[in-house]
Protein chains: 2
Amino acid sequence: MTNKEKQTEEKIAEAAREVFIEKGMHGARMQEIADKAGINKSLLHYYFRSKEKLFDYIFSKIIGRIGNMFTEVMTEGVTIENKLKMFVSTYIDTLLKNPFLPNFIFNEITRNPEGILKRFKSANINPKELFIPLEKQLRAEGYKVDTRDFVLNLISMVVFPIAAKPIANSLLFDGDSKAYKNYIITRKESIVTFVMGALEAYK
Amino acid sequence: MTNKEKQTEEKIAEAAREVFIEKGMHGARMQEIADKAGINKSLLHYYFRSKEKLFDYIFSKIIGRIGNMFTEVMTEGVTIENKLKMFVSTYIDTLLKNPFLPNFIFNEITRNPEGILKRFKSANINPKELFIPLEKQLRAEGYKVDTRDFVLNLISMVVFPIAAKPIANSLLFDGDSKAYKNYIITRKESIVTFVMGALEAYK
DNA sequence: GTCTATATGGCGATAGAC
DNA sequence: GTCTATCGCCATATAGAC
């Protein structure tokens with residue numbers, strides 16, 4: 001592959017990523033992707049044959065990146081509390097930078113539920129490798145909480161308020177986006193406090 | 001309005017509700033709605049003029065229903081713990097019956113964030129009326145938790161695992177849907193335990 | 001490899017008969 | 001009020017020149 005090809009492909013991928021994440025597979029328009037990439041519409045097909053294939057390529061890359069972040073954070077750190085802090089902080093930062101990401105992923109897993117496992121596998125992500133050590137550590141530190149509850153509750157609290165931003169923003173902050181963003185940042189601490197409080201009750 | 005009109009309109013609304021919730025505004029097809037309602041495509045336009053208007057009608061009704069459920073549950077009950085139990089149980093039941101609902105709402109508020117406040121208002125839902133008494137009650141029972149954190153964390157834990165079902169299901173239960181549904185039902189209790197544990201830490 | 005022009009198909013919407 | 005037939009648009013996709 002020549003340098004020129006690489007450059008164009010990269011431009012397309014970046015543009016497609018933005019448009020797909022914001023609009024979803026159905027809402028996205030090839031014309032908009034082409035415009036954003038500064039190229040012609042037919043070039044998209046030259047590089048990726050079809051919209052579906054372009055989407056697949058982008059989606060798999062995103063899933064891979066998220067999985068990797070997950071793995072890195074979960075294997076780092078020492079105590080549960082410190083892992084919590086890292087996890088919450090890292091993911092809230094990512095989500096603030098990519099506020100459309102949760103909805104995008106919800107959509108696509110709803111549209112094609114079978115595809116998700118396949119994509120995790122092709123990204124070399126094995127959930128059990130993360131889950132079992134985490135369970136061991138929870139027990140070692142004396143927390144008898146169900147590990148699935150722990151993980152799901154944690155991720156829920158991090159992701160949901162970003163996914164539901166427009167609704168929470170309008171109901172809790174009268175539509176003041178800046179206030180909402182600041183509030184989300186305070187959650188980096190408050191989620192840890194909340195979860196650690198809950199964990200104590202399981203001791 | 002004649003009986004016949006009412007019947008057809010009702011059939012259309014029911015079909016449209018199902019299709020829109022499952023596919024979203026962009027993904028839904030007028031043809032599919034017509035088929036499901038057992039009528040001709042052009043009748044849809046006779047009754048609702050356009051896809052957009054039909055969608056608006058359905059969406060507003062859904063928002064209204066959810067808001068009403070919310071109000072009912074939040075004003076009933078005595079202690080915080082009992083309100084929690086009712087809320088969690090009621091919403092998990094509703095979401096199990098309508099698993100596409102969270103994604104549907106996430107999508108539409110993302111597509112049209114301005115519309116959401118308007119729709120809450122036209123459904124006569126005033127969030128402050130729910131929020132302020134709840135805050136008072138939390139304080140009265142000695143919980144010094146931030147009320148926004150409390151509400152958002154709670155809703156997150158209820159809604160997110162349903163919205164993320166395909167992903168959580170494949171990662172935690174190897175795709176066994178029945179096991180996942182059973183797990184969600186156990187959350188009716190475990191969420192209450194988790195939240196009450198967290199609340200104790202704020203006393 | 002990149003462009004212009006055009007084909008192809010699908011979908012929302014309308015016209016008009018009954 | 002309900003149907004059949006059809007219009008017109010728009011988005012994906014392809015053909016072909018350069």
Side-chain angles (χ1 to χ4, degrees), chain A residues 1-61 100 103-104 107-108 110-112 115, chain B residues 1-62 100 104 107-108 110-112 115:
Chain A
M1 191 179 296
T2 69
N3 260 357
K4 208 174 189 181
E5 272 177 320
K6 194 77 195 168
Q7 271 180 24
T8 308
E9 201 172 309
E10 199 43 53
K11 274 194 299 180
I12 292 176
E14 178 54 27
R17 185 178 179 279
E18 289 175 28
V19 177
F20 276 134
I21 287 185
E22 186 169 343
K23 306 280 177 70
M25 166 65 188
H26 279 299
R29 297 286 164 245
M30 294 295 262
Q31 185 63 60
E32 189 179 351
I33 296 173
D35 291 348
K36 195 161 270 190
I39 55 142
N40 192 279
K41 207 172 44 160
S42 59
L43 257 198
L44 296 181
H45 291 90
Y46 176 79
Y47 276 93
F48 291 93
R49 271 197 71 82
S50 74
K51 185 187 184 182
E52 191 73 32
K53 284 200 168 59
L54 174 55
F55 179 83
D56 263 27
Y57 174 76
I58 301 294
F59 188 58
S60 292
K61 262 178 64 172
F100 293 114
N103 283 314
F104 171 73
N107 267 338
E108 299 316 322
T110 303
R111 234 175 38 94
N112 177 23
Chain B
M1 194 179 289
T2 71
N3 260 356
K4 206 174 189 180
E5 272 178 321
K6 193 75 196 169
Q7 271 180 25
T8 309
E9 201 174 307
E10 198 43 54
K11 275 195 297 181
I12 292 175
E14 178 54 27
R17 184 179 179 277
E18 287 175 29
V19 177
F20 275 134
I21 286 185
E22 185 168 346
K23 307 279 175 70
M25 165 68 187
H26 279 299
R29 297 286 163 249
M30 294 296 263
Q31 186 63 61
E32 191 180 350
I33 295 173
D35 290 348
K36 194 161 273 190
I39 53 142
N40 191 279
K41 202 173 53 159
S42 58
L43 257 198
L44 296 181
H45 291 92
Y46 176 77
Y47 278 92
F48 290 92
R49 273 197 69 85
S50 74
K51 188 185 184 184
E52 192 73 31
K53 283 200 170 59
L54 174 55
F55 179 84
D56 262 26
Y57 173 76
I58 302 294
F59 189 59
S60 292
K61 261 177 64 172
I62 291 173
F100 293 114
F104 171 72
N107 266 337
E108 300 315 323
T110 304
R111 230 175 41 91
N112 177 21

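Below, chain A is the first sequence line, B the second, and so on; all start at residue 1. Just so we're clear, the structure is a prediction, and the values are computed from it rather than from any experiment.
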**Q** For B/N112, give me all partners under side chain to side chain donor-acceptor pair (under 3.5 Å), at least two apart in sequence or on another chain.
**A**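 B/N112 satisfies side chain to side chain donor-acceptor pair (under 3.5 Å) with no other residue.
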**Q** Rounded to whole Å, how long is the line connecting atom CG of A/D35 with atom C1' of D/dA11?
**A** 13 Å
**Q** Expressed in angstrom and rounded to an integer, what is the separation of A/L54 atom CG from D/dA13 atom C1'?
**A**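 One finds 14 Å between C1' of D/dA13 and CG of A/L54, rounded.
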**Q** Base contacts versus sugar-phosphate-only contacts with protein, heavy atoms under 4.0 Å: please encode nucleotides 4-18 of chain C as B, S and - from 5' to 3'.
**A** B------SBBB----
**Q** Got a sec, which residues hit side chain to side chain donor-acceptor pair (under 3.5 Å) with B/S50, two or more places apart in sequence or on another chain?
**A**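 Result, side chain to side chain donor-acceptor pair (under 3.5 Å) vs B/S50: none returned.
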**Q** If a pair satisfies salt bridge (Lys or Arg N to Asp or Glu O under 4.0 Å) and one of its residues is in residues 34-55 of chain B, list it, with sequence neighbours excluded.
**A** B/E18-B/K36
**Q** Could you check how far CZ of A/F48 sits from C1' of D/dT12, rounded to whole Å?
**A**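 Value for this atom pair: 16 Å.
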**Q** Round to a whole Å and report the spacing from CD1 of A/I12 to P of D/dT12.
**A** 14 Å
**Q** Please state how far atom CZ in A/F55 lies from atom P in D/dT12, giving the value in whole angstrom units.
**A** 13 Å
**Q** Taking side-chain contact (heavy atoms from CB on, under 4.5 Å) as the definition, give me every residue that meets it alongside A/N103, ordered by chain and number, with sequence neighbours left out.
**A**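 Partners of A/N103 under the side-chain contact (heavy atoms from CB on, under 4.5 Å) test: A/F106, A/A163, B/F106, B/T110.
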**Q** Is the shortest distance from a Lys or Arg side-chain nitrogen in B/K11 or B/E14 to a carboxylate oxygen in the other one below 4.0 Å?
**A** no
**Q** Name all residues meeting the side chain to side chain donor-acceptor pair (under 3.5 Å) criterion together with A/E22; count only those two or more places apart in sequence or in a different chain, and write none if there are none.
**A**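 Result, side chain to side chain donor-acceptor pair (under 3.5 Å) vs A/E22: none returned.
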